[in-house]
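When reading the values below, keep in mind they use all heavy atoms of this one structure, side chains included, and skip hydrogens, waters and symmetry mates.
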Amino acid sequence: MTEVRAAFFDVDGTLKKGLAIVEFPTYLAQRGYFDRSVEREIQELARRSERGKASYRFISTNVPRLYAAGIRGQSRTRVLELAVEFMRHSRERFFPYSEKLVSMMSGHRFVTIAISGSPVETVLPLRGMGFAEIFGSEMSILNGKYTGEVRTNLCIAEAKSRLVGELVKKYGIDAARSFAFGDTEQDLPLLGAVGNPIALNPNLNLQRHATKRGWLIPEDVVREVRALL
């Protein structure tokens, strides 16, 4: 039986700068597809987080709820189109190593899986980077329009943990020989599930976890990961 190895990737902060779930509402609002007052609430929460006035957990729980409310009634087809434009305009925000890293893991026959807390519409365009599977937070849809409710919030650790468990079973993944890449403590379910956890651009909480557990915090991720393959 062929051994299946996976490479799990967080996206925001790991492969690219910024948070699409914070930035995309502004992009949509400027084009008339998102409630302006809700967009301002999201930006205020982001500022509170930057000032240390709100925990990452608080942001992870509340921003998706606000996003769902702000996009209520909009056509998913149109939002998908705008998400492609948004990600095309965001290409310069990807870290220089991102495409090389994903390509390298894919080239070594790892099943490459992106798991992002940002809206799934904003991560689906990344399929061209070589991902076998892409997952993001999902908002409920009825008759092609958003209902204002959150269906799946992959910003929070528990949801990521459930998804990783399902994927390990689906593919028959050898977790001990797999890799995961993340930048915050909400990525601990990805990192803790594999034998090769990589902390990229870790925030303070993840850095503490990684240092305590002896996880790799690479300076040159492509070079250092290639040496492990």
Considering residues at least two apart in sequence or located in another chain, which fulfil the side chain to side chain donor-acceptor pair (under 3.5 Å) criterion with Gln186?
->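 Result, side chain to side chain donor-acceptor pair (under 3.5 Å) vs Gln186: none returned.
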
Quick one: list whatever passes side chain to side chain donor-acceptor pair (under 3.5 Å) with Arg177, sequence neighbours left out.
->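 By the side chain to side chain donor-acceptor pair (under 3.5 Å) rule, Arg177 matches Glu3.
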
Do Tyr97 and Phe9 share a hydrophobic cluster, counting only Ile, Leu, Val, Met, Phe, Trp and Tyr and linking them when any side-chain heavy atoms are less than 4.5 Å apart?
->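 Same cluster: Tyr97 reaches Phe9 through Ile, Leu, Val, Met, Phe, Trp or Tyr contacts under 4.5 Å.
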
Any link between Tyr67 and Ile156 through a network of hydrophobic side chains (Ile, Leu, Val, Met, Phe, Trp, Tyr) touching at under 4.5 Å?
->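 In one cluster: no.
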
Rounded distance (nearest 0.5 Å) linking atom [atom1] of [X] with atom [atom2] of [Y]:
{"X": "Arg91", "Y": "Glu99", "atom1": "CZ", "atom2": "CD", "value": "5.0 Å"}
{"X": "Ser75", "Y": "Asn143", "atom1": "OG", "atom2": "CG", "value": "11.5 Å"}
{"X": "Leu15", "Y": "Phe131", "atom1": "CG", "atom2": "CZ", "value": "5.0 Å"}
{"X": "Ile217", "Y": "Asn201", "atom1": "CD1", "atom2": "CG", "value": "10.5 Å"}

Between Phe24 and Phe86, what is the ring plane arrangement, given parallel below 30°, perpendicular above 60°, and tilted in between?
->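 The rings of Phe24 and Phe86 sit tilted, inter-plane angle from 30° to 60°.
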
Side-chain ion pair, [X] and [Y], N-O less than 4.0 Å:
{"X": "Glu138", "Y": "Arg76", "result": "no"}
{"X": "Glu50", "Y": "Arg47", "result": "no"}
{"X": "Arg36", "Y": "Glu39", "result": "yes"}
{"X": "Lys160", "Y": "Glu185", "result": "no"}
{"X": "Glu41", "Y": "Arg48", "result": "no"}

Name all residues meeting the salt bridge (charged side-chain N to carboxylate O under 4.0 Å, His left out) criterion together with Arg127; count only those two or more places apart in sequence or in a different chain, and write none if there are none.
->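 For Arg127, no residue satisfies salt bridge (charged side-chain N to carboxylate O under 4.0 Å, His left out) once neighbours in sequence are set aside.
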
Applying salt bridge (charged side-chain N to carboxylate O under 4.0 Å, His left out), name anything that partners Arg78, two or more places apart in sequence or on another chain.
->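 Counting only residues at least two positions away or on another chain, Arg78 forms a salt bridge (charged side-chain N to carboxylate O under 4.0 Å, His left out) with Glu81.
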
Check side chain to side chain contact (heavy atoms under 4.5 Å, CB included) between Ala46 and all other residues, then give those that pass, not counting sequence neighbours.
->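 Ala46 satisfies side chain to side chain contact (heavy atoms under 4.5 Å, CB included) with Val22 once adjacent residues are dropped.
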
Between [X] and [Y], what is the shortest heavy-atom contact and its length?
{"X": "Asn62", "Y": "Arg65", "answer": "OD1-NH2, 3.0 Å"}
{"X": "Phe181", "Y": "Leu190", "answer": "O-CD1, 4.4 Å"}
{"X": "Pro218", "Y": "Ala199", "answer": "CD-O, 3.5 Å"}
{"X": "Ala68", "Y": "Val150", "answer": "CB-CG2, 3.8 Å"}
{"X": "Ile42", "Y": "Pro25", "answer": "CD1-CG, 3.9 Å"}
{"X": "Leu28", "Y": "Leu82", "answer": "CD2-CD1, 3.6 Å"}

Are the aromatic rings of Tyr33 and Tyr27 close, with centres under 6.0 Å apart?
-> no

Does the side chain of Thr14 pick up a donor-acceptor pair with the side chain of Asp183 at under 3.5 Å?
->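 Yes, a side-chain donor-acceptor pair sits under 3.5 Å.
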
Sub-3.5 Å donor-acceptor pair from the side chain of Arg151 to the main-chain atoms of Ile141, do we have one?
-> no

Side-chain donor/acceptor of Glu224 to backbone N/O of Glu219, under 3.5 Å | yes

Tracing side-chain links under 4.5 Å among I, L, V, M, F, W and Y, which residues wind up in one group with Trp215?
->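 Grouped by the 4.5 Å side-chain rule, Leu188, Leu191, Leu206 form the rest of the cluster around Trp215.
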
